[in-house]
Amino acid sequence: MTNLLESERLIIRSWIPERDAEQAFVMYSDPEVTHFLSKASHVTSIESQRQRLIENIERCLRRNNGTGSWAIVEKETTTIVGTILLKQLPNKDALPTQDYEVGWHLRRASWGKGYATEAGQVMLNYGFNVLNLPVIYAVVKPENHASIRVTERLSMKPIGWTNKYYGIELLLFQLDAPVRIEGEPGVGSVGHKDNNLHPMTND
């Protein structure tokens, strides 16, 4: 098991298909969770969910650029409460662009606790300070008001409508990397807790 990052209440770690498939299936078989996701996110069995996790891990290994999809684990209970991702946005033909997005999926039982905002903040810091990305985007369906509120709490700037990604029209949000004093080291590091992270927890 590889812990990538952590915050006050959460651990961001690699998926472990054999162990995590059942919890992931509970989340992704819930129509309330997948309502705003593509049909490809829907799963019909624990075995298909396990295979999906394996495929995601293999895809991340092929990219080998520090991006991917990780489990969000609640420290207090060690329960998987969601997924956090940082990856290249796909164009209308599903080919990766040079634009990177942050995204989150939370199980229904964990809605309203601020976990999406907290995990999103940690992942943005990782993208800026470890991967050295100059800008990170989020794309949201206009009726997904909860995710729009998360982008606001993450201080992401609304850009407007876009049809550049996923082959559909979406709302685009953007956050630029913070300006650093020359020679100042990044505050994030893979595999270590970043004591400078201050997660927002008022979701």
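These values consider heavy atoms only, across backbone and side chains, with no hydrogens, waters or symmetry-generated copies.
No salt bridge links Glu76 with Arg9; every basic N to acidic carboxylate O contact stays at or beyond 4.0 Å.
Under the 4.5 Å side-chain heavy-atom criterion for Ile, Leu, Val, Met, Phe, Trp and Tyr, Val102 and Tyr100 are members of the same hydrophobic cluster. Each of Trp15 and Val26 belongs to its own hydrophobic cluster when Ile, Leu, Val, Met, Phe, Trp and Tyr are linked at side-chain heavy-atom distances under 4.5 angstrom. Hydrophobic clustering, with ILVMFWY side chains joined whenever heavy atoms are under 4.5 angstrom apart, keeps Phe128 apart from Leu85. In the hydrophobic cluster analysis, where Ile, Leu, Val, Met, Phe, Trp and Tyr join through side-chain heavy atoms closer than 4.5 angstrom, Tyr166 is grouped apart from Trp161. Under the 4.5 Å side-chain heavy-atom criterion for Ile, Leu, Val, Met, Phe, Trp and Tyr, Phe173 and Leu170 are members of distinct hydrophobic clusters.
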For a side-chain contact (heavy atoms from CB on, under 4.5 Å) check, start with the C-alpha distance between Leu172 and Tyr165, then their side-chain angles and the critical distance, and finish with the verdict. CA-CA 10 Å; Leu172 181 66; Tyr165 313 113; 4.0 Å; yes
Start with the C-alpha distance between Lys157 and Asp176, add both sets of side-chain angles, then the distance that settles side-chain contact (heavy atoms from CB on, under 4.5 Å), and finish with yes or no. CA-CA 9 Å; Lys157 177 183 176 183; Asp176 295 324; over 6 Å; no
Test side-chain contact (heavy atoms from CB on, under 4.5 Å) applied to Val135 and Leu175, step by step: CA-CA 6 Å; Val135 59; Leu175 187 65; over 6 Å; no
Does the pair Tyr126 and Leu124 meet the rule for a side-chain contact (heavy atoms from CB on, under 4.5 Å), with working shown? CA-CA 5 Å; Tyr126 167 76; Leu124 287 169; over 6 Å; no
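Shown here for Thr67 and Lys87, the closest heavy-atom pair between the two residues is CB-CA, 3.9 Å. The nearest pair of heavy atoms linking Val139 to Glu101 is CG2-OE1, 3.6 Å. Nearest heavy-atom pair, Leu171 versus Pro142, reported as atom, atom and distance to 0.1 Å: CD1-CA, 3.6 Å. When all heavy atoms of Gly127 and Leu86 are compared, the pair lying nearest together is CA-CD2, 3.7 Å. Contact detail for Arg13 and Trp70: the closest heavy-atom pair is O-CB, 3.3 Å. When every heavy atom of Lys141 is checked against every heavy atom of Leu37, the shortest pair comes out as NZ-O, 4.4 Å.
Formation of a donor-acceptor pair under 3.5 Å by the Thr97 side chain with backbone atoms of Leu89 is found in this model. Judged purely by atom type and a 3.5 angstrom limit, Ser45 uses its side chain to pair as donor or acceptor with the backbone of Ser48. With Asp93 contributing its side chain and Leu95 its backbone, the two residues share no donor-acceptor pair below 3.5 Å. Side chain of Asn144 to main chain of Val140: no donor-acceptor pair is present (N/O by atom type, distance under 3.5 Å, no hydrogens or angles). With Ser110 contributing its side chain and Leu106 its backbone, the two residues share no donor-acceptor pair below 3.5 Å. Proximity of a side-chain donor or acceptor of Thr79 to a complementary backbone N or O of Val81 within less than 3.5 Å is not detected.
Rounded to the nearest 0.5 Å, atoms CD (Glu22) and CZ (Arg50) are 13.5 Å apart. Between atom CD of residue Glu8 and atom NZ of residue Lys75 there is a gap of 8.0 Å, rounded to the nearest 0.5 Å. To the nearest 0.5 Å, the span separating CG on Leu10 from CD1 on Ile80 amounts to 12.5 Å. The CD1 atom of Ile12 lies 9.5 Å from the OG1 atom of Thr83; values are rounded to the nearest 0.5 Å. Rounded to the nearest 0.5 Å, atoms CD (Gln98) and CG (Leu133) are 10.5 Å apart. Atom CZ of residue Arg107 and atom OH of residue Tyr115 lie 8.5 Å apart, to the nearest 0.5 angstrom.
Thr162 is not listed as a side-chain neighbour of Glu169, based on a closest heavy-atom distance of 4.5 Å or more. Contact of the Asp99 side chain with the Lys164 side chain is registered, since non-hydrogen atoms from C-beta on lie closer than 4.5 Å. Ser147 is listed as a side-chain neighbour of Trp104, based on a closest heavy-atom distance under 4.5 Å. Taking the side chain as every heavy atom from C-beta outward, Met27 and Gln49 never approach each other to under 4.5 Å. Side-chain atoms of Gln51 and Glu55, non-hydrogen and from C-beta on, do get closer than 4.5 Å to each other. Val43 places a side-chain heavy atom less than 4.5 Å from the side chain of Phe25.
For the ring-ring contact (aromatic ring centres under 6.0 Å, His included) with His105, the lone residue among Phe36, Tyr28, Trp111 that qualifies is Tyr28.
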